[in-house]
2 protein chains.
Amino acid sequence: MVETRKEEIIRVAARLFKEKGYSAVTMRDLAKAMGIKAASLYNHIDSKQDILKTIIISLAEEFTAGMVTILQSEISSLNKLKRIIALHVGITGENTDGMASLNNDWMHLEEKLDYYLMLRINYEDNFRKIIREGIAAEEIVDKDPDIMLFSILSTLRSLYIWIPDKKNLDPLQLSHELSAILLNGINKKVKKIS
Amino acid sequence: MVETRKEEIIRVAARLFKEKGYSAVTMRDLAKAMGIKAASLYNHIDSKQDILKTIIISLAEEFTAGMVTILQSEISSLNKLKRIIALHVGITGENTDGMASLNNDWMHLEEKLDYYLMLRINYEDNFRKIIREGIAAEEIVDKDPDIMLFSILSTLRSLYIWIPDKKNLDPLQLSHELSAILLNGINKKVKKIS
DNA sequence: GTCTATATTTTGATAGAC
DNA sequence: GTCTATCAAAATATAGAC
């Protein structure tokens, strides 16, 4: 599939947004990075806001779709968490720059802000539900589910910062190592009931 | 100690920067939040950049000082990590809003950018060193130290988002619960050697 | 599809009165 | 310490030629 000019603009914009944030990137910055004049951008996109909307909503819907698939699968809670980790590693690997906007610039969405917030809250609720089920099934330690959710999700949401530095690691391997550390911890001598 | 007008401006600015980011907050926004006109701000601060610099550098130096103390203490690597976790919980609890700028707006520093980057890299290097020592001492599992560093630090750096929602939890308790989850993981049945 | 030219608004910051 | 008035630069976006 060939990249349209609009897609190219969005890809380059995501890269710039990652470096300085949506608000600090001007249409002139974007035009210069594309090798054209700012006015020419408007032949392909409606507005600066249009670019942000496209980047964020498409990613948010990808995560939502991934979560739905995981929820439907009949596997243990721990394995669902592993698949969530793989989902984040996968999407972030495919669109590292866009993930920066999703994480840092969602508050600058105008028309689509409410829709985004709904998807985000839904995602977190489903994530928390999986943790609670894991606790009930005695797969997961009986501690505050919010702290576990926060801890894991913070790491997964920061992947975009860190994945570019680890280009040598393939997604599958990174997924496995990350799962091991997030789920089993780093303490070598753990008191457990196994 | 009484809050000076300059300190008040910086406190209010940090709150606004947390909501929309440094670039999206105008001096008029800040003035309105202070109940004065934009021009009046300049009787107390030199520039918008001056505010950002103050917020970020003071926090970065606090973390650096905390890390120095921890490095000097003669305790196990795991206990050093616990003290780092407590350091983040403590500083973030004291200045939640400022932590947003430290994490998200450091790239907008002008004059002090190089200094900040030096402190940041130093901090991460010391953090990594503690993890490596823990592996060598067989306190910490022998996995990629960068992934462990990334995972723990991502969570700690995101505390500012999450601490305001958990106002009921006292810092000491949060520190302990977070240490348990970050160091021991959430998996109830873990293969271990103890 | 890109350009030049330009309209309109907003921005950080200063000068000087009170 | 705050105000009004104002400046100069920079922002998003449009119109119309090529």
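Quantities reported herein were computed from a predicted structural model and do not represent experimental measurements. These numbers come from the heavy atoms of this one structure, side chains and all, not from hydrogens, waters or symmetry mates. Convention: sequence-line order gives letters A, B, ...; per-chain numbering from 1.
Here A:S40 reaches the OP1 or OP2 of C:dC3: one of its side-chain N or O atoms lies under 4.0 Å away.
B:M34 has its CE atom 11 Å from the P atom of D:dG1, to the nearest Å. What separates NE2 of B:H44 from C1' of D:dG1 is a distance of 6 Å, to the nearest Å. Rounded to an integer number of Å, the gap from CG of B:L16 to P of C:dT11 is 13 Å. Here D:dT2 presents its P atom at 5 Å from CD1 of B:I36, a figure rounded to the nearest Å. Residue B:N43 contributes atom CG, which lies 13 Å from atom P of C:dA15 at whole-angstrom precision.
For B:K37, the listed nucleotide lying nearest its side chain is D:dT4; candidates were D:dT2, D:dT4, C:dT2.
Of the residues in residues 106-116 of chain B, none has a non-hydrogen atom less than 4.0 angstrom from any atom of DNA chain C.
With salt bridges taken as basic N to acidic carboxylate O contacts below 4.0 Å, one links B:D125 and B:R128. Looking at B:R120 and B:E124, a side-chain N of the basic residue comes within less than 4.0 Å of a carboxylate O on the acidic one, giving a salt bridge.
A donor-acceptor contact shorter than 3.5 Å is absent between the side chain of B:K80 and the backbone of B:M67. No donor-acceptor pair under 3.5 Å is formed between the side chain of A:E138 and the backbone N or O of B:K188. In this structure, B:E177 contributes its side chain and A:K143 its backbone to no donor-acceptor pair below 3.5 Å. Distance alone, capped at 3.5 Å, is enough to place a donor-acceptor pair between the B:N126 side chain and the B:N122 backbone.
In the model, A:D50 has no side-chain atom that pairs as donor or acceptor with a side-chain atom of A:Y42 under 3.5 Å.
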Quiz item: Where along nucleotides 6-18 of chain D does protein come under 4.0 Å, by heavy atom, of base (B) or sugar-phosphate alone (S), with - for untouched nucleotides?
Solution: -----BBBBB---
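Atom NZ of B:K166 is surrounded by more than 12 heavy atoms from other residues, nucleotides or ligands within 6.0 Å.
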